[in-house]
Every structure is written in structure tokens, then in C-alpha cells.
Amino acid sequence: DTEVTQTPKHLVMGMTNKKSLKCEQHMGHRAMYWYKQKAKKPPELMFVYSYEKLSINESVPSRFSPECPNSSLLNLHLHALQPEDSALYLCASSQDLQGHSPLHFGNGTRLTVT
Amino acid sequence: AQSVSQHNHHVILSEAASLELGCNYSYGGTVNLFWYVQYPGQHLQLLLKYFSGDPLVKGIKGFEAEFIKSKFSFNLRKPSVQWSDTAEYFCAVNARNNDMRFGAGTRLTVKP
């Protein structure tokens, strides 16, 4: 079982809705990530937080807004999404900031935008 | 930015066959290399990793990978696959801090 907890597991939202995805880890990891994974595709990096500061933003549209309230929590706020944003959203964390540590993934939130 | 290529999209093997999945990356500097596995309905898990030292690394469940710097490759191997190895396998490269990029993945189907 994974030590990275994501909620909700499934989310269906309309294009005018506002919703949030949540991620939590208690391993003391200082880097946290959001990835997007479409069916039969690899995970695509969206955002990286290091020590609660946004360090990487892969030119993600502003309808996705990340937030890292503390070292254990990572949120992804969603607003005015498009149907093509439907995907599995994965949260991950890693221990170090030099890239040696592997990522620990959550089970993901399966998002459907109608 | 770095990129990762996985040559095989779908591999079908019988149990006890040997496995080799190709992975090449493009980046001129130091890299950290990983193989992850995603079993059906489960989260991505680490199989093995390399960042320095012996270029032949061993991971969980009998998997190993060899880093060949001159070929920019990090191929995954297993001498004898089992039905339970059926999964999606992703090669990943981390070339700058916390910037983990994944290859397209290889779907492995092992027939009993």
C-alpha cells in the first residue's frame, strides 16, 4: 500500500465547477509533485514543490492552481476545466532535492470533466 | 530538458522467457535513472535506480538494469519472467533537481 494518500479517488466535475484535489504524506519528504497521466500514456510532470516553494511549473494552464500549505500537504485547485483535462492526477513525494531519491506515488485521483 | 525513449510499446512473453526492455535518454550531463512498474490497478512503484557506482543495479523481484553511459542506455532485464510480472514498465530520468521525466512505457504481458 502507498504512503502517499490522495483524495478523492474519483471526481466528476462540470466545466464551471471549482474543486480541489488533495495529497498527504507523512514520510518527512521535502519535495512534492503533481503529475497528469492519460490512458496508456506516461505520467507528465505538472508542478514540483521543494520545501513548500514552487520550483517547477511545466507551463500548466492557470485553470490548475497548486498549493502547498505545509510540508505534508499538497493541493491542486481546479477551475473552469475542459473535457480534455480528464485524466488520472498523480501526487508524488521524494526525500531529497538532488534527484537521487525515487518518487513515492499515490494511487491518484481519476478526474472526469463533463 | 532531458527526454526518455522506450523502444518497445508492447511485449508479449511466455512464462520463464527472458526479458529485456530498452531505454535510452538524451541529456549531456549527469543523470539519475529509474525504472518504475505499474501493476494493473495499482500505483507506480520503484523497481530499481541508478545514480552512481556499479552500472549494473539490482532491484526488486529479480529485475536488474545496466547503465551504459556511452550508449545513453539503461535497459531493464529479468532472466525468467512470471505471469505476475504483467504490468506497465516506465523508464525515468532525473537530470536536474526533482525534474523526473518518464518514457512512454512498455506494456508487458506474460502468458501462463
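Taking 4.0 Å as the cut-off between side-chain N and carboxylate O, B:Glu66 and B:Lys71 do not count as a salt-bridged pair.
Closest approach of B:Tyr27 and B:Phe72 over heavy atoms only: O-CE2, 3.5 Å. In terms of heavy atoms, A:Gly106 sits closest to A:Leu90 at O-CD2, 3.9 Å. When all heavy atoms are compared, the tightest approach of B:Val81 to B:Ser14 is CG2-O, 3.6 Å. Of all heavy-atom pairs spanning B:Ser73 and B:Asn24, the tightest one is CB-ND2, 3.6 Å.
Residues of residues 66-81 of chain A having a heavy atom under 4.5 Å from any heavy atom of chain B: none. Chain B is approached within less than 4.5 Å, heavy atom to heavy atom, by A:Tyr35, A:Gln37, A:Lys41, A:Pro42, A:Pro43, A:Leu45, A:Val48, A:Ser50 from residues 34-54 of chain A, ordered by number.
No other option in B:Asn94, B:Val4, B:Val31, B:Asn32 has as many heavy-atom pairs under 4.5 Å with chain A as B:Asn32.
Partner of A:Ser93 under the side-chain hydrogen bond (donor to acceptor under 3.5 Å, both in side chains) criterion, chosen from A:His104, A:Arg30, A:His29: A:His29.
Between B:Phe63 and B:Tyr89, the two ring planes are tilted [angle within 30° to 60°].
When heavy atoms are compared at a cutoff of 4.5 Å, B:Gln38 approaches chain A solely by way of its side chain, counted from C-beta outward. Interface remark: B:Tyr36 contributes side-chain atoms only to the contact with chain A (heavy atom separation under 4.5 Å). Heavy-atom distances place the side chain of B:Leu46, and not its backbone, under 4.5 Å from chain A.
For the residue pair A:Glu24 / A:His26, a side-chain donor-acceptor distance below 3.5 Å is found, with atom types taken as modelled.
The closest donor-acceptor contact from the side chain of A:Asn57 to the backbone of A:Ser59 lies under 3.5 Å.
Linking Ile, Leu, Val, Met, Phe, Trp and Tyr residues whenever their side-chain heavy atoms come within less than 4.5 Å places B:Val37 and B:Leu13 in a single cluster.
A cation-pi geometry, defined here as NZ or CZ lying under 6.0 Å from the six-membered ring centre and within 45° of its normal, does not hold between B:Lys49 and B:Phe34.
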